[in-house]
Amino acid sequence: METRQMRCIVAIAEDGSLTRAAENPDLAQPALTQMLKRLESEVGTKLFTRTRRGAALTEAGLAIVDDLRASLAYGDAATERVRAMGAGRAGRLTIGLVTHAARNRARAGP
């Protein structure tokens, strides 16, 4: 399950409606509906019961929504930690590597 899908499931659960969840500028209702159908097909069960009044979590949806929230929170916290670490280095990453030839020369001496 992708992060975007997880965020969509949580948004629908919190809003109680695909329409209200799609009010987010990053989501369009047709795309959200299609994503939910594909995801439910992938996991092999319905996550929401859809009615004219909105969407309610099924037993399976209730079983995973808290885990999704926790996973998203962990992911967001990890992203913030990494950003904070990089902020002091002007966003530059330096990688050093030793090639095989350089290691052999160092062992053999001058």
Side-chain angles (χ1 to χ4, degrees):
M1 186 178 300
E2 298 173 9
T3 303
R4 181 174 172 81
Q5 293 170 319
M6 294 167 61
R7 290 191 191 286
C8 289
I9 298 300
V10 170
I12 297 167
E14 290 175 352
D15 294 331
S17 163
L18 273 83
T19 303
R20 284 192 297 274
E23 289 172 0
N24 179 323
D26 296 336
L27 303 172
Q29 187 173 352
L32 183 61
T33 301
Q34 288 303 313
M35 183 278 310
L36 182 58
K37 284 181 183 178
R38 281 192 309 273
L39 181 60
E40 288 176 331
S41 177
E42 269 181 43
V43 298
T45 190
K46 294 283 185 191
L47 300 174
F48 293 92
T49 301
R50 295 161 199 66
T51 66
R52 290 184 200 187
R53 292 187 174 169
L57 287 165
T58 62
E59 188 175 333
L62 284 169
I64 68 161
V65 75
D66 288 335
D67 291 336
L68 296 179
R69 284 186 184 112
S71 295
L72 290 168
Y74 285 128
D76 291 344
T79 300
E80 288 306 311
R81 276 193 303 279
V82 169
R83 282 187 182 140
M85 291 172 68
R89 295 182 185 93
R92 200 166 61 182
L93 175 65
T94 304
I95 300 173
L97 96 109
V98 177
T99 65
H100 180 70
R103 279 189 306 164
N104 287 342
R105 225 178 298 138
R107 287 184 193 155

What's the shortest heavy-atom distance between [X] and [Y], and which atoms?
{"X": "A55", "Y": "F48", "result": "CB-CD2, 4.0 Å"}
{"X": "L47", "Y": "E40", "result": "N-OE2, 2.8 Å"}
{"X": "A60", "Y": "K46", "result": "CB-O, 3.8 Å"}
{"X": "A13", "Y": "L57", "result": "CB-CD1, 3.8 Å"}
{"X": "A22", "Y": "A28", "result": "CB-C, 4.0 Å"}

Salt-bridged, E23 to R20, with N to O below 4.0 Å?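 So E23 does not pair with R20 through a salt bridge.
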I need the [X] [atom1] to [Y] [atom2] distance, nearest 0.5 Å.
{"X": "T49", "Y": "E59", "atom1": "OG1", "atom2": "CD", "answer": "11.0 Å"}
{"X": "I64", "Y": "R69", "atom1": "CD1", "atom2": "CZ", "answer": "10.5 Å"}
{"X": "L18", "Y": "C8", "atom1": "CG", "atom2": "SG", "answer": "9.0 Å"}
{"X": "I12", "Y": "R50", "atom1": "CD1", "atom2": "CZ", "answer": "7.5 Å"}
{"X": "Q5", "Y": "L39", "atom1": "CD", "atom2": "CG", "answer": "5.0 Å"}
{"X": "D67", "Y": "I9", "atom1": "CG", "atom2": "CD1", "answer": "13.0 Å"}

Can you tell if the side chain of R7 reaches within under 4.5 Å of the side chain of V10, non-hydrogen atoms only?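 Of all side-chain heavy-atom pairs linking V10 with R7, none is under 4.5 Å.
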Test item: S41 side-chain N/O and K37 main-chain N/O as donor-acceptor pair under 3.5 Å: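 Pair absent, no side-chain N/O of S41 close to backbone of K37.
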